[in-house]
2 protein chains.
Amino acid sequence: MTSAPRSRTLPSGEPRPRYDQDSLLAVAAEVFTERGYDGTSMEHLSRASGLSKSSIYHHVEGKEQLLRLALERALDPLLASLNEPDVTTGRAVDRLHHLIRRDVEILADRLPYVTLLLRVHGNTETERWALDQRRGFDRRVAKLVQQAIDEGDVRSDVDARTTARLIFGVVNSLIEWYRPGRDTSPAELADQIASMVLDGIRT
Amino acid sequence: MTSAPRSRTLPSGEPRPRYDQDSLLAVAAEVFTERGYDGTSMEHLSRASGLSKSSIYHHVEGKEQLLRLALERALDPLLASLNEPDVTTGRAVDRLHHLIRRDVEILADRLPYVTLLLRVHGNTETERWALDQRRGFDRRVAKLVQQAIDEGDVRSDVDARTTARLIFGVVNSLIEWYRPGRDTSPAELADQIASMVLDGIRT
DNA sequence: GTCTATATGTTGATAGAC
DNA sequence: GTCTATCAACATATAGAC
């Protein structure tokens, strides 16, 4: 698991992330991702982290808080991507292009966290919250696609909502097989995908 | 999938739901699909089916057998689609077109079963078996894409394996939102998707 | 901050009456 | 074929010593 420098003073604004909580979170995301949230017991997390079960409770309130923190690791950059300059200015089809590239990069960068996000079932309050955040994201992408259709750059024989869903169907499917390091670089992959997707949807 | 009571008329008194293995399976697939396999307890299945837990054990050996039967409902037609005449004769790009159309139809027809298949984590023997079947399917699709590249009909700047994965990334993402009846007809959807995908990957 | 030991509830599965 | 009652195993979480 990744280790982070511990004693550096961080810029104010966010509560100082605790080293132990962070590395525990990385382990938890990996195990949740592999076994599913429900299929993961505190015993599994204990073995994977090398901590006893009760020591884990020293760092986090419980299993569900680990889930929430891990999901935020995926949701924060994804939601932020919608507000980046490249995605908020210019022709809609170009903004869409940037968004696709950006989100492939985020997915590659935060793979276990995004994988977790995409596999969540609405069994707990935290899971339902995550699903709700995803829906909000999807809605905003659909709006962008609609704009691109209105501007005449994207085919209009398929409706915007469907097109938006298919686009992120492709992007999100990366979690099933993409492994940074082993496969193409994130930037190159992002180019290939954006190119294929746009060839498929353009007028 | 609706939890179908037996078609037979029941003896006098209350219309107690009677189940055979098939209708129980439909309920199980629905609940597994909604809550995840690990997140589903026999108690959940009991409530959803109207049977007591122990009555469920009269029909099936246990929870994992329900999973296996449900997964076969998805895997059988998917694997069979690879051997259909339209998919085994002619130019590779056309066979690919047929395969995409066919699998969108299968997905629409067996939605809860395919959804379950695509969400499985390798925690149990049955789950690992399903993952293995999926890998075999993917390999055969990748071969077909490679043929289409060799025949000059599909772009060669992205490798066959990646292209195959992206194609079924789109198709499989349907489980996230497609609902037969509410949305476009399966045939129409299959056309739209095949069209977009092929526009994206053709030379 | 870590551990062992344990409280308390839920799980998949079984026994046996009707 | 259905049910109620029950089990052993395992779940999340806590107590308290070091």
Side-chain angles (χ1 to χ4, degrees), chain A residues 1 3-4 6-7 16-29 31-32 34-70 120-121 123-127, chain B residues 3-29 31-32 34-71 116 120-121 123-127:
Chain A
M1 280 305 93
S3 323
R6 154 158 232 182
S7 53
R16 182 175 172 279
R18 322 208 86 160
Y19 167 75
D20 285 322
Q21 201 185 60
D22 269 17
S23 55
L24 183 58
L25 191 55
V27 172
V31 181
F32 286 158
E34 195 181 12
R35 308 188 57 97
Y37 177 65
D38 288 302
T40 302
S41 71
M42 295 304 277
E43 178 66 30
H44 292 133
L45 296 177
S46 168
R47 277 203 293 269
S49 66
L51 285 179
S52 69
K53 282 193 291 177
S54 48
S55 292
I56 293 175
Y57 284 97
H58 178 80
H59 297 286
V60 290
E61 284 170 22
K63 189 178 153 182
E64 194 166 353
Q65 196 197 39
L66 276 172
L67 178 65
R68 172 176 272 266
L69 292 169
V120 134
H121 310 278
N123 295 346
T124 65
E125 193 48 51
T126 300
E127 291 171 279
Chain B
S3 42
R6 295 272 48 207
S7 50
R8 195 155 58 120
T9 15
L10 296 163
S12 58
E14 281 77 326
R16 271 203 201 164
R18 288 171 135 235
Y19 285 93
D20 59 12
Q21 211 185 53
D22 268 19
S23 53
L24 182 58
L25 192 54
V27 173
V31 181
F32 286 158
E34 196 182 1
R35 310 186 57 98
Y37 177 66
D38 287 302
T40 302
S41 70
M42 294 305 278
E43 178 64 31
H44 291 134
L45 295 177
S46 168
R47 278 202 292 270
S49 65
L51 284 180
S52 68
K53 281 195 293 175
S54 48
S55 292
I56 293 174
Y57 283 96
H58 178 80
H59 297 284
V60 290
E61 283 170 22
K63 189 178 156 184
E64 196 167 352
Q65 198 198 37
L66 277 172
L67 177 66
R68 172 176 272 267
L69 292 169
L71 291 173
L116 191 56
V120 134
H121 310 278
N123 294 346
T124 65
E125 194 48 52
T126 300
E127 291 172 278

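Naming: A, B, ... by sequence-line order, numbering from 1 per chain.
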Legend entry - Per Ser52(A) side chain, nearest of listed nucleotides dC3(C), dA13(D), dA13(C): dC3(C)
Inset, instruction - Specify the separation, in whole Å, of atom CG of Leu51(A) and atom C1' of dA13(D). - result: 16 Å
Inset, instruction - Output yes when Glu64(A) and Arg68(A) qualify as a salt bridge under the 4.0 Å nitrogen-oxygen rule, no when they do not. - result: no
Legend entry - Euclidean distance, atom NE2 of residue His58(A) to atom P of dA15(D) [Å, nearest integer]: 15 Å
Legend entry - Gln21(A) CD - dG1(C) P separation (whole Å): 12 Å
Inset, instruction - Take the protein atom CG of Asp38(B) and the nucleotide atom P of dA11(D), then report the distance between them rounded to whole Å. - result: 11 Å
Inset, instruction - Check the distance between dC3(D)'s C1' and Ile56(B)'s CD1 and give it to me in whole angstrom. - result: 13 Å
Legend entry - Rounded interatomic separation in angstrom, taking CG from Asp20(B) and P from dT2(D): 10 Å
Inset, instruction - Could you tell me the separation between the OG atom of Ser52(A) and the OH atom of Tyr57(A), rounded to the nearest 0.5 Å? - result: 11.0 Å
Legend entry - Close side-chain approach of Leu66(B) to Leu45(B), heavy-atom, < 4.5 Å: yes
Inset, instruction - Using atom NZ of Lys53(B) as one end and atom P of dC7(D) as the other, report the distance to the nearest whole Å. - result: 13 Å
Legend entry - Contact list for DNA chain C against residues 40-47 of chain A - heavy-atom distance below 4.0 Å: none
Inset, instruction - For His59(A) and Ile56(A), indicate whether the former's side chain and the latter's backbone hold a donor-acceptor pair under 3.5 Å. - result: no
Legend entry - Neighbour count >12 (heavy atoms, 6.0 Å) for atom CD, Gln65(A): yes
Inset, instruction - Side chain of Tyr57(B) only, please: which of dT2(C), dC3(D), dG12(C) is the nearest? - result: dG12(C)
Legend entry - Whether Asp20(B) side chain and Ser23(B) backbone form a donor-acceptor pair below 3.5 Å: yes
Legend entry - No-H, no-angle donor-acceptor pair, Ser54(A) side chain to dT2(C) base, under 3.5 Å: no
Legend entry - Exercise: do Ser55(A) and His58(A) side chains pair donor with acceptor under 3.5 Å: no
Inset, instruction - Return the value, rounded to whole Å, for the distance between atom NE2 of His59(B) and atom P of dG12(C). - result: 18 Å
